[in-house]
Structure formats: C-alpha cells, structure tokens
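In what follows, a single structure is set out as structure tokens and then discussed.
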There are 2 protein chains.
Amino acid sequence: MTIHHQPSKERIDAVRAFNRFYTRQIGLLDEGWLKSAFSLTEARVLYELAHRDGLTATDLARDLGLDPGYLSRLLKKFEERGLVERTATEADARRSSITMTPAGRTAFAPLNQGSHDQVAALLDRLPALDQDRLVKAMLTVQRLLDETAEPEVPYMLRPLQVGDIGWITHRQGLLYALEYGWDETYEALVAEILGAFVKSFDPKWERSWIAEREGEVVGSVFVVRKSDAVAKLRLLYVEPSARGLGIGKRLVDECVSFARARGYKTLTLWTNDILVSARRIYEASGFKLADEERHHAFGKDLVGQNWNLEL
Amino acid sequence: MTIHHQPSKERIDAVRAFNRFYTRQIGLLDEGWLKSAFSLTEARVLYELAHRDGLTATDLARDLGLDPGYLSRLLKKFEERGLVERTATEADARRSSITMTPAGRTAFAPLNQGSHDQVAALLDRLPALDQDRLVKAMLTVQRLLDETAEPEVPYMLRPLQVGDIGWITHRQGLLYALEYGWDETYEALVAEILGAFVKSFDPKWERSWIAEREGEVVGSVFVVRKSDAVAKLRLLYVEPSARGLGIGKRLVDECVSFARARGYKTLTLWTNDILVSARRIYEASGFKLADEERHHAFGKDLVGQNWNLEL
DNA sequence: ACCATTTAGTTGACATAGTCAAGTATTTAG
DNA sequence: CTAAATACTTGACTATGTCAACTAAATGGT
C-alpha cells in the first residue's frame, strides 16, 4: 500500500531548482571538452561506444536522445577518421553494429581521463563523509527517476551492520506514521527492541536479516529467543519502494528455517490487524492466529494479534 | 575532525554515471521547450529575469554561464519583441538593469507553467515518500556541489518529530564508528536511551532540541530528569558537515537555560575523554570534571568522564 | 587632473550543433 | 506477395554558440 497524493508546490519548485542548478553544473563540466577535439555529444557517443560493444545506431540514438540523422553523420565522421567501424549485422542487413577501433580507444583515452580527473578534482574538495553522501544522494536521484533501471540483483540479504538499527528505526517510524498515523511511541518501541536486541545478542539463538537493494536497506526482520522452545519473529518490514519483489516472504522464510534449524518448537510473533500485507505473508508461511486483543498504542485504537507457527 | 582521503575510483565513476544520466534527463526536459517559441537557453534567461529584478547582462552571463556576445543578442531580441526593458543604471552608465515587461511575463507564463507541469508529472509517478526522498537527495547534491550557496538561516532548533530518534541513532552510530572505531553496541545504547526518552517523556522536566539545516538534521541534544534536583544532558552531537557554526555550543546553552528555568540544582553529563570538541564546549559552558574512570565499551578501551554544572 | 587599465556591453564573421523531411534498402506482418 | 514498418542516410536548413575586435564608461595610480 503506497500513499499517493498531488506533488506539492514546494517539491516541484525544489526539483525545478535542481534542474536549473544541474544544467549549469553540466555546462561547467562541458567546458572541459572544449579544449579537446570533441563536443559533448561526440564525447557521449564515444563513451557509450567505449563501454558497450556492438551497439547499433538506433540503440545510441535512443539511449542518448539524439536525432538519427545527426547521429548518422557523427558516426560517418568517426568512421572516416578511423575511430569506429560499422559492420552490417548478419541477422538484419539494415542495421550495422558499431565498434570502436584501437585508434578510437586511443583518441578517447585522454578525453576519458580528462573527465575522470575533473570529477576527481570536484570530489577532492569534499571530505570523505560528504563524498559518500554525494554519491548516495546521486544514486537515489537516479534510481527514483530512472524507471527502466532495474538492478540485476533484485536484492540481497546480509546480517546487521553499524547504522542499521538506527536506520530501520527511522524508516519504520516514518512509514507507520505516514501509512497508519501512528505517533512517535512506535518509533520509540522499535528503538528499544533493536537496542536490546544488539545489547543482549546471542548469535547462537538469535539472528537478523537485512534486505539490501543497490546499497540501500529495503527490509529487515529479527528472530529473538524467548525460551529454549520459543523464538519470536520481530519487526518485519519492507520498504514501499521494494514491495512486490517477494522480500517479505523471503525474510519470513529465513526466520522459519533458522528457528527450525536451531531446534525451537514454536515461532511466535505479535502484530496488529491493520498490517494486512504482513498478515498475508504470515498465513502463507503457516502461522496460525492464536489470539487477538484490543489495545490503545501509538496514538491509535488497535487490535493486537499473536500468531504462532509450530515447527 | 573530518576524514579526508583520495576520492575512490568507484565514487568518481558513480558521479560520472550520474552526470551522464542527468545530461540525458535534462535533454528530455528540454523537449518541452521545443514546442514553445523559446530555446532552453532563452527559457533560462527568462526564468532568471522573471524571478530576480534589476539584473545586469554581466550578472546573467556569470550565473548562467553564457557568452556575453550571445547573451547581448538574446537580450536585444527580447527587447525588440517587447519582453524586457533595459535602462542604464545611474551609478554606472555602461551597465543597464534588465527588467521584464508585463508582456514578457505574459509570454513567460505558459512556458513556466509547462515546465512546472512537466516536473509535476514526473513527480506524480512516484509515491509521496519517494517524492520526499528525491527532493531531499537533490538538495543534498546541490548543497554539496554548490560551495557558494550558504543557506540564509544557518540552522534552526526544533523539538523532536517522528523519524528523528531513528535518524539520530543511525547517524551517531555511523559517525562514532567512522571517527573512533566504536562498534554497534554504541548505536544500541543510543537506541535504548532515545527509546526510553520518548516512552517516559515528561514534558515539564525533560526536553529535546534538534538542529536542522535546510531540512536536514545536523545536531541534537536531550535533557532528562534524574531527580528533583539533578538533570542529565545526553547525546550531544553535531554533524561533521555542520561543525564550526556554533551549533554544539548553542545546544548546550539551551540545555543549561532549560535546566536553570526548571529549578534543577545540577546539570550532569557523561562523556568519554576522546570526544575532545564536545569537552571544549562543556568547559566553555562552565561544566567541571567530577570524576573519570577507565572502562571497556563499544569495542574499545575508553576513559569515561562525569561532568557537572552547578546551576 | 590625466592617462593607462579594466569593465560592461556590442557587433561582425564564423563555426558548430541540431532539426526536419524525404529518400533507400531491408525486414516484418498479414 | 504486397503493404507497412524499421534502420538508417542524405539534403536543405536553422538555431545555437564562439571568438575577436570594437566602443563607451569607470577605476586606479601618480
């Protein structure tokens, strides 16, 4: 379930301001090309050709947003200068696959190095922490705007790292506030649970799984020991942006396998009835509803539920 | 203390990838102008003129990175079309201040609206949470790259909101791991302290201050009640990127004033001797070192210190 | 007060970059 | 087998941008 409403004026203005800013930024970076024999567009074409072999003119025109006629002439010029070669594909004689010649690579190398150095100089002005923030922020912008760019690996699971419990607390706090109107006491509960989890962590009997997608945390779950026989699944969550990839199910499956492997007899969990999508996952994994009770928490009237799975 | 080293290859490549991506992105947004009577550059000039009055040609050329000759002709054309007016400044007869005429505003309005709508449509594809993430990430990129752009208000203080305690836990966990090599148990301690703070919060005797800079949390501090006479200052922190603005001192001052106003007799705090810059702030605010003791925590051998301020 | 230098803006001559529509050869779909 | 679509190519054109030389006014040093 995602919340969806009209983008606000402030948000739109902020994005427009960024576009203006980055238009200028790219203009500044362009000036580097001026010294070289190539224009920005030529450099973009050469970059693509240097990194992806066997492209066709159509591919290039689509990916770089160029006019086919213009591109055709660019490529002709490159071919005459011996920078690229065009060979008709056997499957389709209209198309030709374009490859960079060794001479092309030689011509491109200083260009590439120049761009590399320019960016390196830009980054070098910033302290390392800020460099990381910059790169992370750029990745975020790119991922959010580029709908086509699905990562090759949809997600991966890893154990807890420094920074995770705060991040998870932050995201869960915000998410449930936005989606269900819960107040800050929910976030506080998450903080306490996770603080205690790390503090009294028993690696033999307890475990955490963090789902990561392109370096970003998109879900998590924890198993804690209640007694020799009973383990508890806690704080299952999946980012709205990563829903529908089966991450929730996978996280619960990991918990079940772990609990079974460690010889627990029961895996239990507490949730609230309004968390419908989580509930579906629990049911699918074989959990049975043990009991329900009304309670007031997180600024709302809720129905808490205990679910059990006999292992 | 900032950590500074050579930007890594990965970081450079990520930034270059973003530049290529955003070059394309801006190209896509340009296509909107094609339908209108103005080119991207013309639109940029009009935008500046619509939003900032009394600019000179030199200002525009500098801010937008344009060739003075080219700009001169653009402005001439605009003037002929009655979109702008140029009047020589009295202070300097070489310069003329350029203002948009009502006709200019009328011509610019649909252009502006078109760009607005285009961005609105872009944002509208994303759920509200992602819109916020996008805007935040763009602001981060902009602030980090634009060295000139200092915010008008360096920072502001506000009370706790949903999402803060997780975020603060996250940042403190990461920061002390990076700067001092502390392990995840420090982050867990922060989580527990903040969870308990919210859970047992007593607004009359306790308080939090979050320092925010352009919508980003850059520091925080908490005062909790120990007894009728004793308050404790906890978890003072300032982001490396916001150090040197006097935020740390300001936060401590707020705590002292608050503790004094509530009639506490003593304000106490616990810290570790390696946190040198915090120590300086405490000393400057009149805190006296009460006692020290070696201890092992957060994966390190440390020297804990209790500091007191008699109010 | 005077002159060399700098600054703000303009203009001419030119080159580059990009657009658009009409064309050919080839493939695909019915 | 034919009409339609695709992958380019080419011609004709315009828009966009660059560069250097120029004028007029302001500034700085003596």
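Values in this document were obtained by computation on a predicted structure and should not be read as measured data. The figures here come from the full heavy-atom set of this structure, side chains too, leaving out hydrogens, waters and symmetry mates. Every chain is numbered from 1, with letters handed out A, B, ... down the list of sequences.
Taking each heavy atom of B/R44 and B/L66 in turn, the nearest pair found is NH1-CD2, 4.4 Å.
Residues A/R95 and A/Y70 each lie close to DNA chain D; by heavy-atom proximity, the contact nearer the 5' end of the strand is made by A/R95. Residue order along DNA chain C, read from the 5' end via each residue's closest nucleotide, puts B/R86 first among B/R86 and A/A91. Of the two residues near DNA chain C, A/T41 and B/R73, the one whose nearest nucleotide lies more 5' is B/R73.
The phosphate of D/dT10 (OP1 or OP2) has a side-chain N or O of A/K76 nearer than 4.0 angstrom. In this structure, A/S72 does not reach the D/dT10 phosphate: none of its side-chain N or O atoms is under 4.0 Å from OP1 or OP2. An OP1 or OP2 oxygen of D/dA15 is reached within less than 4.0 angstrom by no side-chain nitrogen or oxygen of B/S39.
Across C/dT10, C/dT27, D/dT9, the shortest atom-to-atom separation from the side chain of A/A93 is found for C/dT27.
Ion pairing of B/E42 with B/K77 is present here, as a side-chain N (NZ or NE/NH1/NH2) and a carboxylate O approach within less than 4.0 Å. Taking 4.0 Å as the cut-off between side-chain N and carboxylate O, B/E179 and B/R243 count as a salt-bridged pair.
Side-chain N/O atoms of A/R94 and base N/O atoms of D/dT6 include a donor-acceptor pair closer than 3.5 Å.
The only member of B/R171, B/K136, B/R143 that meets salt bridge (charged side-chain N to carboxylate O under 4.0 Å, His left out) when paired with B/E216 is B/R143.
Within the 4.0 angstrom heavy-atom criterion, only backbone atoms of the sugar-phosphate kind lie near B/D92; the bases stay farther away.
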